[in-house]
**Student:** 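I have a structure here, written as structure tokens, and I will follow up with some questions on it.
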Number of protein chains: 2
Amino acid sequence: MYEKKIPKNFSCGMAVLMEIIGGKWKSYLIYLINNGVRRPADLQRAIPSASRRVLDLQLRELEFHAIIKRVIYPEMPPKVEYFLTPFGESMLPVVASMEAWGGEYMETFRQLMESKKKSMHTEGESVEIKQEPVIRGRRTLAKAV
Amino acid sequence: MYEKKIPKNFSCGMAVLMEIIGGKWKSYLIYLINNGVRRPADLQRAIPSASRRVLDLQLRELEFHAIIKRVIYPEMPPKVEYFLTPFGESMLPVVASMEAWGGEYMETFRQLMESKKKSMHTEGESVEIKQEPVIRGRRTLAKAV
DNA sequence: TCGGATACGGATAATTTTTTCCGTATCCCC
DNA sequence: GGGGATACGGAAAAAATTATCCGTATCCGA
């Protein structure tokens, strides 16, 4: 069982949210559970490329953070279901806006990734060279920053 | 130079956004640049615990995704500034809502992390045991899911 | 000369996340 | 017996991210 060595600093809300939702499959899990896919095997079938072990781990993390709750039914074979908590539901508008923004950027993003594959690194595109003369006074100003 | 082996699937907007903003320091960088901290050394001073190398790498990624642009001034010693692009600015409302949600959860989060340190794993808290009888018909229903 | 300032990248090492593989359990059907 | 279904965790390996260390360059001041 891995134990982290470097303490994390959660001094801003963004870092907190990224800690909670940052795993590879967590947003998929939240979406699926919110849409009625509740049993572990069904979640696995819905995300066939995900490692079952990691799904389990990330479900446990979401549970730990009280985003979801786990309901165990006393029967055999085992039956378990996951539900969003009210607190987890409070996250849905944020998730929706993240999803919407990403969706708008999707096409551009794909083109970028394609061009990246073709030419590896063409990063000068957004570089702007200022045509200003070299004045010593500017150094002083920079120092004041 | 590391080369990734497993292709990623960006079939939802959420995955796209996480790819763009998912690095350890990226949200800090976006915040700082948006608030006028533009030069690499100033960014480094604003985040002293960050590795300078990783700051550079993540600035380059943000640039690649057209979230920020880099302006190089032709002078010596080198002078460079980063700015949010209009596209990058379109992300700010999303970032703000992420920040706000995380900020509300901050106190609870810290208490959870504290309790985790003390008892390592106390994960049964949100587990609910259903008190339903074992009926074979239920198996059939489960199969229909 | 050295140390400070500015900016940055390759190589390698350390840490972390994800994946694979092994194992646990019961029930049902061929 | 085997295979299928259900759910899950420890251990180790692989992949990915982050950090450290080395190096590149110019200018200025002690």
**Student:** Sub-3.5 Å donor-acceptor pair from the side chain of Glu63(A) to the main-chain atoms of Ile68(A), do we have one?
**Tutor:** no
**Student:** So which nucleotide from dT17(C), dC8(D), dT26(D) ends up closest to the side chain of Lys4(A)?
**Tutor:** dT17(C)
**Student:** Which nucleotide in the set dC22(C), dT17(C), dT19(C) lies at the smallest distance from any side-chain heavy atom of Lys24(A)?
**Tutor:** dT19(C)
**Student:** Atom CG of Leu57(B) and atom C1' of dG9(C): how far apart are they, to the nearest Å?
**Tutor:** 9 Å
**Student:** Return the nearest nucleotide to the side chain of Pro78(B); candidates are dA25(D), dC8(D), dA7(D).
**Tutor:** dA25(D)
**Student:** Distance from Leu17(A) atom CG to Phe109(B) atom CZ, nearest 0.5 Å?
**Tutor:** 10.0 Å
**Student:** Under 4.5 Å between any side-chain heavy atoms of Tyr28(B) and Cys12(A), yes or no?
**Tutor:** yes
**Student:** What is the distance, rounded to the nearest whole Å, between atom CD of Glu61(B) and atom P of dG9(C)?
**Tutor:** 12 Å
**Student:** Which comes earlier along DNA chain D counting from the 5' end, the contact point of Gln58(B) or that of Leu59(A), where each point is its nearest nucleotide?
**Tutor:** Leu59(A)
**Student:** Which whole-number value in Å describes the distance from Arg52(A) CZ to dT6(D) P?
**Tutor:** 12 Å
**Student:** Can you measure Asp42(A) atom CG to dA7(D) atom C1' for me and round it to whole angstrom units?
**Tutor:** 12 Å
**Student:** Rounded to whole angstroms, how far apart are NZ on Lys26(B) and C1' on dT18(D)?
**Tutor:** 13 Å
**Student:** Among dC8(D), dT19(C), dT6(C), find the nucleotide with the atom closest to the side chain of Ala41(B).
**Tutor:** dT6(C)
**Student:** More than 12 heavy atoms of other residues, nucleotides or ligands under 6.0 Å from CD of Glu19(B): is that the case?
**Tutor:** yes
**Student:** Which nucleotide wins on minimum distance to the side chain of Val54(B), given the candidates dA19(D), dT16(C), dC8(C)?
**Tutor:** dA19(D)
**Student:** Do Asn34(A) side-chain atoms and Ile30(A) backbone N/O form a donor-acceptor pair below 3.5 Å?
**Tutor:** no
**Student:** So which of residues 6-23 of chain B are in contact with DNA chain D, with a heavy-atom cut-off of under 4.0 Å?
**Tutor:** Ile6(B), Lys8(B), Gly23(B)
**Student:** Find the distance between CH2 (Trp101(A)) and CG (Leu92(B)) and round it off to the nearest 0.5 Å.
**Tutor:** 10.0 Å
**Student:** Return the 5'-most residue of the pair Ser51(A), Lys5(A) with respect to DNA chain C, ranking by each residue's nearest nucleotide.
**Tutor:** Lys5(A)
**Student:** Between Ile33(B) and Leu62(B), is any pair of side-chain heavy atoms under 4.5 Å apart?
**Tutor:** no
**Student:** For the pair Tyr105(A) and Phe87(B), name the ring-plane relationship: parallel under 30°, tilted 30 to 60°, perpendicular over 60°.
**Tutor:** tilted
**Student:** Consider the side chain of Tyr2(B), meaning its heavy atoms from C-beta on, and name the nucleotide among dC8(C), dA16(D), dC8(D) that approaches it most closely.
**Tutor:** dA16(D)
**Student:** Ignoring hydrogens and geometry beyond distance, is the side chain of Arg53(A) in donor-acceptor contact with the base of dG10(D) at under 3.5 Å?
**Tutor:** yes
**Student:** Provide, to the nearest angstrom, the distance between the CD atom belonging to Glu3(B) and the P atom belonging to dA14(D).
**Tutor:** 19 Å
**Student:** Take the protein atom CZ of Arg45(A) and the nucleotide atom P of dG4(D), then report the distance between them rounded to whole Å.
**Tutor:** 14 Å
**Student:** Nearest of dA7(D), dT20(C), dT18(C) to any side-chain atom of Arg39(A)?
**Tutor:** dA7(D)
**Student:** Please round to 10 degrees the angle between the axis of the first five pairs and the axis of the last five pairs in the helix from dT1(C)-dA30(D) to dC30(C)-dG1(D).
**Tutor:** 40°
**Student:** Using atom CD of Gln44(A) as one end and atom C1' of dA5(D) as the other, report the distance to the nearest whole Å.
**Tutor:** 14 Å
**Student:** Any salt bridge linking Arg60(B) with Asp56(B)? Criterion: basic side-chain nitrogen under 4.0 Å from a carboxylate oxygen.
**Tutor:** no
**Student:** Hey, is the side chain of Arg60(A) poking within less than 4.0 Å of OP1 or OP2 on dG9(D), counting only N and O atoms?
**Tutor:** yes
**Student:** Take atom CZ of Phe10(A) as the centre, draw a 6.0 Å sphere, and report whether it contains more than 12 heavy atoms from other residues, nucleotides or ligands.
**Tutor:** yes
**Student:** For dC8(C), take OP1 and OP2 only and decide whether either is under 4.0 Å from a side-chain N or O of Arg70(B).
**Tutor:** yes
